[in-house]
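Every number for a ligand or one of its atoms is a count from 1 in the order of the listing. For reference, positions follow the sequence shown, starting with 1.
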Amino acid sequence: MTELAIHARNLCKDFGQVKAVQSLNLEIPRSRIYGFLGPNGSGKTTAIRMLCGLLTPTSGDINVLGYSIPDEAEALRLKVGYMTQSFSLFDDLTIEENLQFIADIYTLDRKFKRHRIGLSAERYKLTSFLKKRASEISGGEKQRLALAAATLHNPELLFLDEPTSSVDPVNRRIFWEALFDLVDEGTTILVSTHYMEEAERCHALAILDKGLLMAEGSPAELRERIDASIVTVESDQPRQVGKMLEQLSFVHSSTQVGQLLRVMVAIDQATPEKAVSDAIKQAGLSLIHCNIARPGLEDVFVAATRTQVDTL
Ligand SMILES: Nc1ncnc2c1ncn2[C@@H]1O[C@H](COP(=O)(O)OP(=O)(O)O)[C@@H](O)[C@H]1O
Ligand SMILES: [Mg+2]
């Protein structure tokens, strides 16, 4: 049995002129949470749909749980769960009826179906809602119901496409605790997100932009390998300082976070904080202090996607 849950080589998908996914290579080990981090239109959903066997690639090879995809997609169907970006439930049915319906799609036998619904209701704290209609529950509860539905048949691999987009931070936290419980039991999870704090929780992630894989690794590795230095600046004139710095050839970008400016400086600057403070002083603008900062995943993301913007 292969140790990799997902292995994709040179995966491509074109929609006419649009290159939605370009030469994507993935090696995702089992029992891990792997993230796709990327803005809208970066190819996350397209990649997930190809890996599930729902969309035929333009070219490339896919192996998922030992099956060659899309040829053996039917055999894979019962081993994977897929929570779509805009998951839908039947609003007129109760929570229990929704779960029963899904169990029937997965052709679970009666006894197993009852057992799994009971277990999922308990695990995802849905027991007291079972008789309520899906239209009557809150966003966070709906999210838990969607996760219960996607895992009802106890899949080995779970695809979650922006599962928490409309959920508040507390419910997002509860949701992620549930994901780690699943991983603890051996489930592999591929989750797409545009939230940095979610990307931070993944064991490893791929940063996607315009269909291209721009960087890959664990959050710590990605921070380590960032191709830029980060300098924070405190000033009484943050807007003017930011605009001035952005004109400099060795400054990639500057963004304001509260009172501080977060400045991305070219990696070839030996003393980036000195280069920045010298430039501010030279321009006659206010400088309170200027320090080197530890890169965050957002910095990694900006640095990784910058090269592509520059080459357009
Ligand atoms: N069925 C389709 N037909 C044509 N273009 C599509 C289709 N699906 C996605 N695209 C295009 O492919 C690109 C990637 O889309 P998508 O995979 O949905 O990105 P993401 O999920 O990261 O937002 C976008 O430019 C999108 O417009
Ligand atoms: Mg999408």
Checklist entry - salt bridge (Lys or Arg N to Asp or Glu O under 4.0 Å) with Asp278: which residues, sequence neighbours excluded? => result Lys274
Checklist entry - Nearest to atom 18 (O) of ligand 1, what protein heavy atom do you find, and at what distance? => result Thr45 CB, 3.8 Å
Item to check | Under 4.0 Å to a heavy atom of Pro39 - the qualifying atoms of ligand 1, by number | outcome: 22 (O)
Checklist entry - Any salt bridge between Arg123 and Glu185, counting N to O under 4.0 Å? => result yes
Checklist outcome for this item: protein heavy-atom neighbour closest to atom 19 (O) of ligand 1 works out as Gly43 N, 3.2 Å
Checklist entry - What is the number of protein N/O/S atoms located under 2.8 Å from the Mg ion (ligand 2)? => result 2
Checklist entry - Think Lys131 forms a cation-pi with Phe129, using NZ or CZ under 6.0 Å from the six-ring centre and within 45 degrees of its axis? => result no
Checklist entry - Hey, is Lys113 close enough to Asp104 for a salt bridge, meaning N to O under 4.0 Å? => result yes
Next on the checklist: In this structure, would Val21 and Val64 fall into the same cluster of hydrophobic residues linked by side-chain contacts under 4.5 Å?
Outcome noted: yes
Checklist entry - Which protein heavy atom lies closest to atom 14 (C) of ligand 1, and at what distance to 0.1 Å? => result Gly41 O, 3.5 Å
Next on the checklist: I'd like to know if atom 2 (C) of ligand 1 has any protein heavy atom within a distance of less than 4.0 Å.
Outcome noted: yes
Item to check | Ligand-side contact atoms (ligand 1) for residue partner Asn40, heavy atom cut-off under 4.0 Å | outcome: 23 (O)
Next on the checklist: When you measure from atom 12 (O) of ligand 1 to the protein, is at least one non-hydrogen atom found at a distance under 4.0 Å?
Outcome noted: yes
Checklist entry - Which ligand 1 atoms are under 4.0 Å away from a heavy-atom of Val18? => result 12 (O), 25 (O)
Checklist entry - Is Asp91 paired with Arg133 through a side-chain N to carboxylate O contact shorter than 4.0 Å? => result no
Checklist entry - Tyr82 pairs by side chain to side chain contact (heavy atoms under 4.5 Å, CB included) with which of Leu190, Leu160, Ile48, Leu51? => result Ile48
Checklist entry - Nearest protein heavy atom to atom 16 (P) of ligand 1, by residue and atom, and its distance? => result Thr46 OG1, 3.6 Å
Next on the checklist: Less than 4.0 angstrom from a charged side-chain N to a carboxylate O is my criterion; do Glu74 and Arg77 meet it?
Outcome noted: yes
Checklist entry - Among all protein non-hydrogen atoms, which one is nearest to atom 6 (C) of ligand 1, and what is the separation to 0.1 Å? => result Phe15 CD1, 3.2 Å
Next on the checklist: When you measure from the centre of the six-membered ring of Phe175, is the NZ or CZ of Arg144 closer than 6.0 Å and no more than 45° off the axis?
Outcome noted: no
Next on the checklist: Quick check on contacts: which atoms of ligand 1 are under 4.0 angstrom from a heavy atom of Ala20?
Outcome noted: 12 (O), 13 (C), 14 (C)
Item to check | Common cluster, Phe250/Ile292, ILVMFWY with side-chain heavy-atom separation under 4.5 Å | outcome: yes
Item to check | Close-contact set for ligand 1 against Ser42 heavy atoms, below 4.0 Å | outcome: 19 (O), 20 (P), 22 (O)
Next on the checklist: Taking Leu212 as the starting point, is it possible to reach Leu222 by hopping between hydrophobic residues whose side chains are less than 4.5 Å apart?
Outcome noted: yes
Checklist entry - Same hydrophobic cluster for Ile95 and Leu119, using side-chain heavy-atom links shorter than 4.5 Å among ILVMFWY? => result no
